[in-house]
Amino acid sequence: MAIIEFLDKLPLLPDYVRQSYPKIGYAIYTLEAIVALLIATYLYLYSYKEFISPLKNLRGPKSDNFLFGKVPTFISEEPQRSHKKWILKYGLTFKYKMLFNFEELFLADPIGLQYILSNSYKFPKPEQTSNALLEMTGNGVLVAEGDIHKKQRKLLNPSFTPLNIKGMFDIFYDKSEQLKEKWSSLIENQDNDNNNKEDSTSLSSYGAASPTPPKPEDKIKGTKKIDIMSWLGKATLDIIGLAGFNYDFNALEDPNNELALAFNKMFSEGMKITIPVVLQAIFPIFRIIPTERSRVIQASSDKTKEIGRKLIEDKKKVILAAHTDGHLEKKEDIGNDLLSHLIKANMASDLRPDQRLTDDEVLAQITTFMLAGNETSSTALTWILYTLAQHPDSQKQLREELMTISEERPSLDTLNSLPYLDAVIREVLRLEAPAPHTMRMALEDSIIPLGKPVKGKNGKMIDSLKIKKGTEIMIPILSVNTSTEIWGSDADQYNPNRFLGSNNKSEKDGGKIPNIPGVWGNLLTFLGGTRNCIGFKFALAEIKVMLFVLLKSFEFLELPSNPKIERKSSVVMRPRVIGEEDAGLQLPLLVKPVST
Ligand code: HEM
Ligand SMILES: *[C@@H]1O[C@H](CO)[C@@H](O)[C@H](O)[C@H]1NC(C)=O
Ligand SMILES: *[C@@H]1O[C@H](CO)[C@@H](O)[C@H](O)[C@H]1NC(C)=O
Ligand SMILES: CC(=O)N[C@H]1CO[C@H](CO)[C@@H](O)[C@@H]1O
């Protein structure tokens with residue numbers, strides 16, 4: 001039973017499989033024989049693949065074992081930490097193995113990345129990634145490839161113009177102010193600390209300040225321990241709902257919104273990695289077997305679609321009504337949300353039928369906005385406030401800059417004219433990129449140019465890399481953001497001044513900001529090239545408004561009990577308190593009204 005014992009040690013094996021061994025009985029022995037044969041074949045192919053790999057000459061860390069490659073290492077420590085070690089050892093480009101010996105190319109080389117990102121249709125997302133996304137969002141702009149993507153991007157781009165983003169400003173302010181009111185009343189109302197002890201995950205604690213009560217030393221008069229992450233998440237969900245498709249989740253008040261519940265269920269189920277999921281990813285034939293996961297996803301996605309279709313129908317009616325009156329161009333008539341702009345663009349009379357999106361494609365954009373625009377923004381804001389709590393001087397300097405603005409609701413242009421606000425956001429998004437990495441796959445054999453050649457196994461320098469069709473490429477957004485090879489010796493340090501006037505830039509670099517092929521601020525945070533983040537100006541505007549409102553009202557301090565925060569990386573990288581894992585993802589800070 002050696003193999004079974006081995007399987008038993010696998011972290012991924014669900015309990016119900018373990019419990020069913022005795023029942024399976026002698027069939028196991030037959031199975032063992034088959035498995036042994038498979039392993040022999042596998043080992044043979046393993047050495048064969050190794051032998052013919054065009055990446056043969058590229059160096060990289062040794063596998064942890066022949067079945068799982070480097071996966072155990074990535075499970076046991078933050079991948080960024082391993083990446084960093086290996087960059088020091090092998091340079092910006094190397095390879096390692098993942099599950100079942102699949103080779104992955106690690107590419108942090110700016111020139112190489114530039115090449116991949118500007119030829120994005122030749123380097124699509126790997127099939128497992130796009131299948132998982134397809135299941136959740138449908139064929140929206142995050143998933144579509146080639147001409148379909150081009151068509152969608154073209155129709156969506158006008159939704160994100162600065163003019164249209166300005167039209168969403170009231171939503172940003174309304175929700176930021178609503179959040180501010182919530183926090184103010186939590187701080188005033190100190191008595192409810194004991195109410196949220198019972199069950200941290202139940203809906204009854206939905207409006208609680210934090211999932212775990214404050215320790216005695218964290219109870220300081222006039223302040224409150226607040227889990228900023230969940231609260232910011234409610235605000236960003238409300239914002240993407242209203243600004244995205246004129247739908248009020250009202251998450252700041254209401255835990256029971258049906259669309260939010262359906263989507264959350266779909267998302268958490270979709271992100272689970274279980275044996276059937278892994279098998280289905282590797283052997284597509286297994287996809288015909290229905291799993292609990294696909295059932296849950298299907299049910300939630302039906303619900304999501306039903307609500308989305310209704311939104312689209314209503315919107316179309318409004319537009320058609322306005323159109324017969326000859327008012328189509330008047331934007332008051334159709335609403336200022338992303339979906340309205342899209343539907344309007346899609347109904348324009350000068351489009352050929354093949355240039356239009358189908359109703360299903362329009363629908364897919366709604367779920368795409370929910371997926372791409374909620375957690376990313378809330379995570380970004382969470383890390384920004386956390387970093388400011390760790391750097392009180394920087395927080396003070398930023399607050400002083402914001403206080404120079406006397407208007408209650410300054411415009412986008414006014415907010416964009418504040419250099420320190422911009423520098424702080426850039427610096428935190430550099431160090432804490434909400435999406436820490438992404439994957440691509442070569443659609444055909446390709447040659448990738450390298451800006452910083454790396455030494456091959458044969459001792460010669462490699463300045464361009466031949467890769468085979470199907471090679472998977474890891475784009476380590478965060479490691480590029482924080483590589484000392486790229487940013488200089490203070491790459492790990494929070495130093496917003498590196499983005500400011502010449503006196504204040506990173507000394508080691510002599511004030512030089514490196515040339516990274518990102519769409520924004522020389523950072524890869526929003527990626528770059530033809531498939532950059534379409535929402536990046538939206539996100540920055542939203543973040544600036546929220547910070548403006550919140551920092552003028554509150555001071556953010558680390559808790560005196562000084563809990564250790566760790567980073568959990570799935571699709572986005574989010575915080576958790578060590579020792580309070582049961583409470584889920586959270587980031588508690590001490591929030592204190594600004595004394596005036
Ligand atoms: C700080 C917040 C955000 C960050 C860090 C971020 C980051 C990213 C990244 C890294 C990608 C590339 C993903 C990949 O191709 O592998 C991306 C794509 C995308 N983002 Fe964002 N995003 C943010 C906010 C938003 C918001 C608010 C929206 C919508 C309103 C949005 C919509 C999208 C869409 C639709 C794509 C797919 C674009 C395409 O493939 O053509 N994002 N984002
Ligand atoms: C939105 O983001 C927040 C915070 O990250 C998360 O708790 C919430 O479940 C998300 N909601 C949806 C519907 O995606
Ligand atoms: C440079 O940094 C210092 C303190 O870090 C600050 O007082 C000063 O205003 C900054 N200069 C510029 C040009 O932003
Ligand atoms: C969030 C995160 O993983 N940050 C890392 C950024 O990179 C530096 C150095 O490369 C690490 O020290 C941080 O932990």
Side-chain angles (χ1 to χ4, degrees), residues 116-117 120-121 123-126 129-130 133 136-137 140-145 149-150 152-154 156-157 159-160 165 168 206 227-241 243-245 249 251 255 257-268 300 304 337-339 364-384 425 428-430 432-440 475 477-478 481 518-520 523-543 571-575 584-587:
I116 301 231
L117 295 176
S120 56
Y121 298 138
F123 296 96
K125 298 190 178 70
T129 315
S130 43
L133 288 171
M136 289 188 280
T137 66
V141 69
L142 185 63
V143 180
E145 292 288 348
H149 178 263
K150 205 181 269 169
Q152 295 192 1
R153 240 349 247 230
K154 203 167 152 207
L156 273 168
N157 277 335
S159 308
F160 291 92
I165 288 171
M168 299 162 187
Y206 186 78
D227 168 23
I228 58 161
M229 193 195 85
S230 68
W231 282 101
L232 291 166
K234 288 168 191 162
T236 55
L237 181 63
D238 281 355
I239 287 176
I240 194 67
F245 35 96
F249 287 101
N257 179 280
E258 54 174 353
L259 180 54
L261 290 178
F263 189 81
N264 271 339
K265 214 163 169 186
M266 176 165 79
F267 189 58
S268 60
S300 312
T304 313
D337 53 287
L338 301 172
L339 180 68
Q365 313 308 332
I366 296 183
T367 31
T368 299
F369 295 153
M370 281 171 76
L371 185 76
N374 167 40
E375 300 227 350
T376 45
S377 296
S378 68
T379 307
L381 278 158
T382 301
W383 290 118
I384 292 171
I425 296 173
V428 180
L429 289 184
R430 180 180 76 83
E432 310 278 5
H437 62 255
T438 186
M439 295 291 299
R440 293 296 187 261
I475 302 185
I477 296 176
L478 189 89
N481 283 355
V519 65
W520 175 70
L523 295 176
L524 214 51
T525 303
F526 295 101
L527 221 56
T530 30
R531 293 206 75 152
N532 60 22
C533 173
I534 200 173
F536 91 94
K537 288 192 185 124
F538 178 109
L540 290 172
E542 176 187 19
I543 289 171
V571 178
V572 290
M573 194 166 55
R574 299 199 293 164
L585 299 162
Q586 57 163 327
L587 207 154

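Position 1 is the first residue of the sequence, and the numbers go up from there. Read the numbers this way: they start at 1 and go in the same order the structure lists the ligands and their atoms. The shown structure was predicted, so the numbers you read here are calculated from the model rather than taken from an experiment. Note: hydrogens, waters and symmetry copies are ignored here, and every other heavy atom, side chains too, is used.
- Distances from atom 26 (C) of ligand 1 to the heavy atoms of G528, A433, S120, G373 put G373 nearest.
- Within ligand 1, the atoms closer than 4.0 Å to a non-hydrogen atom of A380 are 1 (C), numbered from 1 in the order shown.
- Residue F263 places a heavy atom less than 4.0 Å from ligand 2.
- T137 places no side-chain N or O within 3.5 Å of a backbone atom of T368 that could act as its donor or acceptor partner.
- Within the listing of ligand 1, atoms 14 (C), 16 (O) sit less than 4.0 angstrom from a heavy atom of T438.
- Side-chain N or O atoms of R531 include one that pairs as donor or acceptor with a backbone N or O of V141 at under 3.5 Å.
- Here the side chains of L237 and N257 are not in contact, with every heavy-atom distance at 4.5 Å or above.
- The nearest protein atom to atom 6 (C) of ligand 2, hydrogens excluded, is given as E375 OE2, 3.7 Å; this is a heavy-atom distance.
- Of the polar atoms of T236, none of the N or O atoms is found under 3.5 Å from an N or O of ligand 2, judged by distance alone.
- The shortest side-chain heavy-atom distance between L133 and T129 falls under the 4.5 Å cut-off.
- For atom 9 (O) of ligand 2, the closest non-hydrogen atom of the protein is N264 OD1, 2.9 Å.
- The contact set between ligand 1 and R153, taken as ligand atoms under 4.0 Å from a residue heavy atom, comprises 38 (C), 39 (C), 41 (O).
- Only side-chain heavy atoms of P434 come within less than 4.0 Å of ligand 1; its backbone N, CA, C and O stay farther off.
- Using a 4.5 Å heavy-atom threshold, the side chains of S230 and Y206 count as separate.
- With hydrogens and angles ignored, the 3.5 Å screen pairs a side-chain donor or acceptor of S268 with a backbone N or O of K265.
- Considering backbone and side-chain N/O atoms, R440 comes within less than 3.5 Å of an N/O atom of ligand 1.
- For atom 10 (C) of ligand 2, the nearest non-hydrogen atom of the protein is N374 ND2, 2.5 Å.
- Put simply, no part of F536 is less than 4.0 Å from ligand 1, judged by heavy atoms.
- Taking both residues in full, the closest heavy atoms of L587 and W383 are given as CD1-CZ3, 4.1 Å, listed atom of the first, atom of the second, then distance.
- Residue H149 holds the heavy atom nearest to atom 41 (O) of ligand 1 of all those in E145, M439, K150, H149.
- Heavy-atom contacts of L527 reach the following atoms of ligand 1: 12 (C), 14 (C), 15 (O) (cutoff under 4.0 Å).
- Within the 4.0 Å heavy-atom criterion, the part of R574 lying near ligand 2 is the side chain and not the backbone.
- For T236 (side chain) and S377 (main-chain N/O), no donor-acceptor pair under 3.5 Å exists by modelled atom type.
- If you check each of G233, S377, S268, P434 against atom 3 (C) of ligand 2, the one with the closest non-hydrogen atom is G233.
- Of all protein heavy atoms, the one closest to atom 32 (C) of ligand 1 is A372 CB, 3.5 Å.
- Classified by interplanar angle (parallel below 30°, tilted 30° to 60°, perpendicular above 60°), the ring pair F245/F369 is parallel.
- The structure places CZ of F249 at 9.0 Å from CD1 of I240, a figure rounded to the nearest 0.5 Å.
- Within ligand 2, the atoms closer than 4.0 Å to a non-hydrogen atom of S378 are 4 (C), 5 (O), numbered from 1 in the order shown.
- Looking only at distances, no side-chain donor or acceptor of N481 sits under 3.5 Å from a matching main-chain atom of E432.
- Annotation: atom 34 (C) of ligand 1 to nearest protein heavy atom, I534 CG2, 3.7 Å.
- A side-chain donor-acceptor contact under 3.5 Å links D238 to the backbone of A251.
- Residue S230 places every heavy atom at 4.0 Å or more from ligand 2.
- Between S377 and ligand 1, no N or O atom pair is found at a separation short of 3.5 Å.
- Atom OG1 in T379 sits 8.0 Å away from atom CG in N374 (nearest 0.5 Å).
- Closest of all the heavy-atom pairs between L429 and P434 is CD2-CD, 3.8 Å.
- Closest to atom 42 (N) of ligand 1, if we only count protein heavy atoms, is C533 SG, 3.0 Å.
- For L156 against Q365, the heavy-atom pair with the smallest separation is CD1-OE1, 3.5 Å.
- Side-chain contact between T382 and R574 is absent, with no heavy-atom pair separated by less than 4.5 Å.
- With hydrogens left out, the protein atom closest to atom 37 (C) of ligand 1 is L142 CD1, 3.4 Å, a heavy atom.
- Heavy atoms only, all atoms of each residue included: K125 and L142 are closest at NZ-O, 2.7 Å.
- Every atom of ligand 1 is numbered from 1 in the order shown, and the set under 4.0 Å from a heavy atom of I240 is 30 (C).
- Distances from ligand 1 to the non-hydrogen atoms of K125 include at least one value under 4.0 Å.
- Of the polar atoms of T368, none of the N or O atoms is found under 3.5 Å from an N or O of ligand 1, judged by distance alone.
- Ring planes of F267 and F263: parallel class, angle under 30° (limits at 30 and 60°).
- The closest approach between N532 and ligand 1 falls below 4.0 Å for a heavy atom of the residue.
- When each atom of ligand 1 is checked for a heavy atom of V141 under 4.0 Å away, the hits are 35 (C), 39 (C), 40 (O), 41 (O).
- Remark: ligand 1 atoms within the under-4.0 Å shell around heavy atoms of T525 are 5 (C), 7 (C), 10 (C).
- Listed by atom number, the atoms of ligand 1 under 4.0 Å from F160 heavy atoms are 30 (C).
- Among all protein heavy atoms, the one lying closest to atom 24 (C) of ligand 1 is T376 OG1, 3.3 Å.
- Ranking the protein heavy atoms by distance from atom 6 (C) of ligand 1 puts F526 CD2, 3.7 Å first.
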